[in-house]
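For reference, the structure discussed in these notes is given below.
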Amino acid sequence: MKTELLVAVLSGAAALVSAAYSAQANRKNSLLANDLERQKVEHHRLLERQDAMSRFRDPLLWAAFDFQSRLFNIVSGHFLRVYFTEPHDRQYAIRSTLHVFAEYLGWVEILRRRIYFLDLGNKEANRQIVALLTRIGTVLNGDSYPDRHFQLFRSDQRAIGELVMSKGRDDCMGYAEFCERLESDLEFSGWFVPLSNSIEELAVLPGRHPRLVDLQVALMDLIDFLDPEQERFPQKRRFRTTTEGQLY
C-alpha cells in the first residue's frame with residue numbers, strides 16, 4: 001500500500017512539474033511569437049520608409065536643384081536680362097521659371113500629404129529636414145525684405161503645390177502640361193500672376209535681391225542634406241550666391 005501511495009505521489013508531482021514546465025514553455029513561445037511579430041512589423045515599417053525615400057527623395061532633390069539653379073542664374077548670371085531680348089525667349093524665361101518654382105512646391109506638398117515630411121528613419125534627421133523645408137518657406141513668406149519680388153505666403157505656397165500635383169499619382173505635372181494650363185485655364189494661371197510680374201520686374205531692375213539670394217542658399221542647404229555623398233550633384237555644381245556678388 002505504501003508503495004502504491006508513493007507511486008501516486010510521485011506521479012502527481014511529475015504531472016505538476018510537467019504542467020508547470022509546459023505553461024512556462026507556452027509562455028516563452030508566446031513571448032517569442034510576439035517578439036517575432038513586433039520585429040516583422042518594424043521591418044515592414046522600415047521597408048515602407050525606404051520605399052518612401054526611394055520614391056520621394058530624388059524627385060525633391062531634383063526639383064530643389066532646378067529651382068536653385070534658376071535662382072542662381074537670375075542673381076549671378078543675368079538670365080532674365082539675356083532672355084528678355086526676344087519675345088519667344090521672354091516667354092520661355094517666364095514659363096520655365098514659374099514651372100521650376102511650382103514643381104518644387106508640388107513635391108513639398110506631396111511629401112506633406114503622403115508621409116508628413118520625408119522620414120529618414122531617425123528623429124534627428126526628421127527634425128533637420130523639417131527645419132530646412134520650413135526655412136525655405138519662411139524666406140518665401142517673409143516680409144522683412146526690401147521688396148516683395150518672389151514673396152509667396154505660406155497658404156499660397158501650398159495652393160500652388162496642390163495645383164501642380166498630378167491627379168491620382170504621386171507626381172507633378174510636366175512642363176508641357178504646365179504651359180498648356182497657363183494658356184487655357186484662367187483660374188490656374190491666376191495663381192501665378194504675382195510671380196510672373198516679379199519675373200518681369202526683376203528683368204529690368206538692378207541689384208541682387210536678398211530674398212532670391214537667401215532662397216538659393218537655403219535650397220542648396222537642402223540639397224546638401226538630401227545628397228550628402230554628392231552622388232547626384234558633384235561639388236563643382238554646388239555654388240551659393242551672396243548679396244555682395246560673391247560666390248562660395
In Å and rounded to the nearest 0.5 Å, what is the CG to CZ distance from Leu202 to Phe84?
9.0 Å
Arg148 atom CZ, neighbour heavy-atom count above 12 within 6.0 Å
no
Report the distance from atom CD of Gln151 to atom CG of Leu140, rounding to the nearest 0.5 Å.
9.0 Å
Assign the ring pair Tyr92 / Tyr175 to parallel, tilted or perpendicular, where the plane angle (0 to 90°) is split at 30° and 60°.
perpendicular
Worked verdict on Ile129 versus Leu226 for side chain to side chain contact (heavy atoms under 4.5 Å, CB included):
CA-CA 9 Å; Ile129 194 168; Leu226 293 175; 3.8 Å; yes
Side-chain touch Met173/Met165, heavy atoms, less than 4.5 angstrom
no
Going only through I, L, V, M, F, W and Y residues with side-chain contacts under 4.5 Å, is there a path from Val82 to Val75?
yes
Minimal non-hydrogen separation, Arg154 against Asn141, with atom names
N-OD1, 3.3 Å
Provide the closest heavy-atom pair for Gly190 versus Pro194 in the form atom of the first, atom of the second, distance.
O-CD, 4.0 Å
Inter-residue atom distance Leu219.CG - Leu61.CG, 0.5 Å rounding
11.0 Å
Are there over 12 heavy-atom neighbours, none belonging to Glu187, within less than 6.0 Å of that residue's CD?
no
State, to 0.1 Å, how close Ser166 and Cys172 come at their nearest heavy-atom pair, and which atoms those are.
OG-C, 3.4 Å
Are side-chain heavy atoms of Tyr145 and Val139 found at a separation under 4.5 Å?
yes
Trp62-Phe233 aromatic ring centre distance below 6.0 Å:
yes
Contacts satisfying salt bridge (Lys or Arg N to Asp or Glu O under 4.0 Å) that involve residues 78-104 (not counting sequence neighbours) are Arg90-Glu200, Arg95-Glu183
In this structure, NE2 of His99 is separated from CZ of Phe101 (nearest 0.5 Å) by 13.5 Å
Ring pair (Phe, Tyr, Trp, His ring centres under 6.0 Å) filter on Phe188, not counting sequence neighbours, yields Phe178, Phe192
Would Phe150 and Leu71 count as a side chain to side chain contact (heavy atoms under 4.5 Å, CB included) if you check the C-alpha gap in whole Å, the side-chain angles of each, and the deciding distance to 0.1 Å?
CA-CA 11 Å; Phe150 271 55; Leu71 292 171; 3.8 Å; yes
Should Ile160 and Leu195 count as side-chain neighbours, where that means a heavy-atom distance under 4.5 Å?
yes
Pair Ile223-Gln68, side chain to side chain contact (heavy atoms under 4.5 Å, CB included): steps then yes or no:
CA-CA 9 Å; Ile223 290 165; Gln68 73 76 30; 3.7 Å; yes
Yes or no on side chain to side chain contact (heavy atoms under 4.5 Å, CB included) for Gln157 and Glu109, after CA distance, side-chain angles and deciding distance?
CA-CA 9 Å; Gln157 293 175 35; Glu109 184 62 22; over 6 Å; no
Contact between Leu212 and Thr241 at the side-chain level, heavy atoms closer than 4.5 Å - yes or no?
no
Enter the distance from Leu215:CG to Arg135:CZ here, rounded to the nearest 0.5 Å.
9.5 Å
State, with a plain yes or no, whether a side-chain heavy atom of Leu105 is found less than 4.5 Å away from one of Leu152.
yes
Test item: Phe65 and Leu60 side chains (from C-beta on) under 4.5 Å apart, heavy atoms
no
Checking salt bridge (charged side-chain N to carboxylate O under 4.0 Å, His left out) for the pair Asp214/Arg240: CA distance, chi angles, key distance, verdict?
CA-CA 9 Å; Asp214 289 350; Arg240 285 169 166 80; over 6 Å; no
Rounded distance [0.5 Å steps], CD in Glu201 versus CD1 in Ile199
10.5 Å
Pair Asp147, Arg211 - check salt bridge (charged side-chain N to carboxylate O under 4.0 Å, His left out), show working.
CA-CA 8 Å; Asp147 58 52; Arg211 189 195 307 275; 5.0 Å; no
What are the two closest heavy atoms between Val164 and Ala102, and how far apart are they?
CG2-O, 3.3 Å
Is it true that the side chains of Asp66 and Tyr104 contain a donor and an acceptor less than 3.5 Å apart?
no
Which atoms form the tightest heavy-atom contact between Leu98 and Ser196, and what is the distance?
CD2-N, 3.9 Å
Over all atoms of both residues, closest heavy-atom pair of Arg238 and Asp227:
NH2-OD2, 2.6 Å
Compare all side-chain heavy atoms of Ile74 with those of Thr97 and state whether any distance is below 4.5 angstrom.
yes
Measure from NZ or CZ of Arg70 to the centre of the six-membered ring of Phe79 and say whether it is under 6.0 Å with the direction within 45° of the ring axis.
yes
With side chains defined as the heavy atoms from C-beta onward, is the minimum distance between Glu231 and Glu229 less than 4.5 Å?
yes
